[in-house]
Each structure stands twice: as C-alpha cells, then as structure tokens.
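Take a look at the structure set out below.
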Amino acid sequence: MKKFATALVAADAFASVKKIVASLASVSLFFVPASRSAQTQPNDAERELFDLLNHERTANHLPELMRDDALFRAARKHALLMLDLNTFEHQLPGEPGLEERLTNAGARFTYIAENIAIGKDPATIHSGWMHSPGHRANILSPRVTAVGIAVVRGTDGLFAVEDFSQSFGDVSLEQQERQVASLLSAKGLRVARTAEDARRACDGLAGLPGSRSGAVIRFETGDLGEFPPALEKQIRREPYRNVAVGACRTREGPGFVRYKIALLFF
C-alpha cells in the first residue's frame with residue numbers, strides 16, 4: 001500500500017499539529033529489512049529524495065534546504081519504529097510527538113513539519129507528496145530551512161520520513177536588530193542607530209529613558225521576516241514615529257526557541 005501523510009507544528013502555536021493522510025493504489029512489494037547499524041551518511045534512497053526535494057524548490061525559486069543531523073536522527077528513529085510495528089502514523093504507540101522527538105534529537109527550531117510515506121521507490125513517494133496539497137506545502141514552504149530524510153525498507157515497501165524545520169541559527173543580536181529595523185523602516189518609521197536602551201528593555205532591566213515619553217513593546221517571535229498580525233496592529237496604533245530596536249539572548253538548549261525583541265517608541 002502506498003501511503004502518504006503530513007504534519008506540521010508552528011512556533012506561533014506551540015502545540016498545534018496538522019495531519020493530512022491519503023491512501024493511494026495497492027502494490028505488493030518485498031524488500032530486505034533495514035540494517036539497525038548507525039548511519040552517518042545518507043543512503044541512495046535518502047539522497048534521491050533530497051535531490052528531488054531541492055529540485056522542486058529551485059524550480060519554484062526557493063532556497064535549497066540544508067541537511068540537518070538532528071532532524072535525520074529523529075526521522076530515522078521514527079522510520080525504523082514504523083518498520084518494526086509495520087504501521088504508518090506520525091505518532092506511534094508509546095512514542096513522543098513530533099516536537100518532542102526533534103527536541104530529544106538535539107534540534108533547535110522555530111517551526112517544524114513532517115511528511116511520511118510508504119511507497120515502492122523514492123520517485124513514486126516524491127510524486128505522491130507533490131500531488132498532495134499538504135505534503136507539497138511542506139516541501140515548498142518558504143519558512144523551512146533544513147530537512148532530515150530517512151528511508152528504510154520493509155516488506156510493504158519503503159518507509160520514508162521527511163522532518164523539516166526552520167532552524168534557530170546562530171544569528172547575532174545585531175543581525176536580529178537589523179532584520180526587525182528593516183521591517184519597521186518599510187513601514188515609514190525612523191529607526192534609531194543605537195540599541196543600548198532597547199536591549200536593556202528587552203532584558204527587562206529598564207524601560208524608556210527618564211527624559212523620553214513614548215512606549216515600550218516587547219515580543220517574541222520565531223520568524224524575523226515578518227511581524228505577527230497582532231503586533232502589526234499594535235505598531236500601527238503607536239503615535240510615535242521614532243523607534244529603537246533591541247534584541248536579547250534566549251534560552252540555550254534544543255526545542256522551540258524564539259527571538260526576543262524590544263521596541264522603544266519615542
């Protein structure tokens with residue numbers, strides 16, 4: 001049986017998971033079970049799916065995805081468990097959900113998604129994903145930056161898993177501030193060159209300097225490329241047209257991570 005399913009979790013809704021499951025035509029396939037030995041390099045099927053995925057992204061003018069070791073470890077563990085149980089689900093009995101699986105594997109992310117499938121070969125699996133709206137959306141998502149792909153062989157075909165993430169990269173405070181400042185400038189606001197007061201406000205150490213009148217907005221986000229809708233409305237309501245942007249450090253460790261930003265309007 002060729003089968004396909006997809007799930008995603010967005011940082012803006014920490015516990016939300018969307019699943020789309022579709023069953024296609026039956027096939028009878030026989031393969032040798034996958035080896036349980038440690039794998040650090042992708043196998044042929046995994047390489048083929050990776051190449052097919054990035055070919056689709058390039059054709060749609062999207063940046064290629066990078067391989068991520070932590071996502072691969074999580075994907076392979078899930079693929080092997082599906083093989084062991086000879087079943088096809090995003091969360092198997094006794095298994096953590098997607099967010100916890102990726103966290104346990106050591107990934108840091110602001111957005112995650114997953115495709116799973118059973119099919120006779122990588123090309124068939126990829127074609128099925130691309131003809132399913134949910135899977136296609138994951139493959140062509142502008143939000144994702146990294147992927148881990150695992151493929152193992154079973155008696156019913158290839159068990160395949162694609163785990164996607166928008167990785168929480170090593171972005172300096174200055175880079176975070178510049179990205180937010182660019183969004184504010186595009187809205188006609190005048191962005192101050194100094195960030196010291198705003199950084200102190202981000203850390204909760206201070207508000208507006210005593211000599212200024214204005215407002216402070218603190219927020220967290222997983223995407224520095226756009227403001228959340230509620231924040232957009234709040235910014236539009238501000239009567240002040242000058243703003244200073246300050247970023248501050250977030251927690252260390254794997255799992256969902258969000259950028260912390262303060263805006264000082266004056």
Quick check: does any side chain N or O of Arg258 sit under 3.5 Å from a backbone N or O of Glu220, one acting as donor and the other as acceptor? yes
Separation between CG of Leu263 and CG of Leu231, rounded to the nearest 0.5 Å: 6.5 Å
May I ask you to check if Arg67 and Phe50 form a cation-pi contact, with NZ or CZ under 6.0 angstrom from the six-membered ring centre and within 45° of the axis? yes
Verify the cluster assignment for Tyr111 and Met66: are they in a single hydrophobic cluster under the rule of side-chain heavy atoms below 4.5 Å apart? no
Kindly compute the distance separating CG (Asp163) from CZ (Arg76), expressed to the nearest 0.5 Å. 13.0 Å
Are Leu49 and Leu62 linked, directly or through other ILVMFWY residues, by side chains that come within less than 4.5 angstrom of each other? yes
If you define the side chain from C-beta out and look only at heavy atoms, does anything of Phe219 sit under 4.5 Å from Tyr259? no
Indicate yes or no: at least one non-hydrogen side-chain atom of Arg47 is less than 4.5 angstrom from one of Asp44. yes
ring-ring contact (aromatic ring centres under 6.0 Å, His included) partner of Phe109, chosen from Phe256, Phe168, Phe164: Phe256
State whether the side chain of Thr194 and the backbone N or O of Glu196 hold a donor-acceptor pair below 3.5 Å, judged by distance alone. no
Spatial distance of atom CG (Asp156) from atom NZ (Lys120) [nearest 0.5 Å]: 15.0 Å
Pair Asp203 + Arg200, salt bridge at N-O below 4.0 Å: no
Give a yes or no on whether the backbone of Glu95 and the side-chain of Gln91 come within a donor-acceptor separation of less than 3.5 Å. yes
Note: Arg143-Glu226 ion pair, threshold 4.0 Å (strictly below): no
Under the criterion side chain to side chain contact (heavy atoms under 4.5 Å, CB included), which of Asn138, Leu65, Ile139 is the partner of Val144? Leu65
Quick one about Glu56 and His126 (side-chain donor to acceptor, distance below 3.5 Å, no hydrogens or angles considered), yes or no? yes
Go through Gln166 and Thr145 one step at a time and tell me if the side-chain hydrogen bond (donor to acceptor under 3.5 Å, both in side chains) criterion holds. CA-CA 5 Å; Gln166 182 180 75; Thr145 59; over 6 Å; no
Acceptor/donor pairs from residues 178-188 side chains to any protein atom, 3.5 angstrom cut, sequence neighbours excluded:
| unit_1 | atom_1 | unit_2 | atom_2 | d |
| --- | --- | --- | --- | --- |
| Ser185 | OG | Ala181 | O | 3.0 |
| Lys187 | NZ | Glu232 | OE1 | 2.8 |
| Lys187 | NZ | Glu232 | OE2 | 3.1 |

Could you give me the CA-CA distance, side-chain angles and deciding distance for Leu189 and Phe265, then say whether side chain to side chain contact (heavy atoms under 4.5 Å, CB included) is met? CA-CA 10 Å; Leu189 293 162; Phe265 290 88; 4.1 Å; yes
Is a side-chain N or O of Ser127 found less than 3.5 angstrom from the main chain of Ala123, in a donor-acceptor match? no
Between Glu46 and Val151, is there a donor-acceptor pair closer than 3.5 Å when you use the side chain of the first and the backbone of the second? yes
Heavy-atom distance under 4.5 Å between the side chains of Met82 and Thr87, does that happen here? no
Exam field: side chain Ser132 to backbone Gly128, donor-acceptor pair closer than 3.5 Å: no
Under the criterion side chain to side chain contact (heavy atoms under 4.5 Å, CB included), I'd like the reasoning laid out for Leu71 against Ser165: C-alpha separation, chi angles, the key distance, then a yes or no. CA-CA 8 Å; Leu71 297 181; Ser165 81; 3.6 Å; yes
Are side-chain heavy atoms of Leu264 and Val243 found at a separation under 4.5 Å? no
Dump the intermediate steps for side chain to side chain contact (heavy atoms under 4.5 Å, CB included) on His78 and Arg101, then the final yes or no. CA-CA 9 Å; His78 186 62; Arg101 295 202 309 270; 3.8 Å; yes
Step-by-step side chain to side chain contact (heavy atoms under 4.5 Å, CB included) determination, Gln175 to Leu173: CA-CA 5 Å; Gln175 290 171 317; Leu173 298 182; over 6 Å; no
Distance alone, cut at 3.5 Å: any donor-acceptor contact between the side chains of Thr124 and Asp121? yes
Does the Arg199 side chain pair with the main chain of Gly246, one donor and one acceptor, at a distance under 3.5 Å? no
In terms of the angle between their ring planes, are His135 and Trp129 parallel, tilted or perpendicular, with boundaries placed at 30° and 60°? parallel
Given side chains that start at C-beta, do those of Phe88 and Ile116 come closer than 4.5 Å, heavy atoms only? yes
Heavy-atom donor-acceptor pair, Glu162 side chain to Asn115 backbone, under 3.5 Å: no
Test side chain to side chain contact (heavy atoms under 4.5 Å, CB included), reference Phe159, set Asn86, Leu80, Ile125, output is Asn86
Hey, does Leu98 have a side-chain heavy atom less than 4.5 Å from the side chain of Ile112? yes
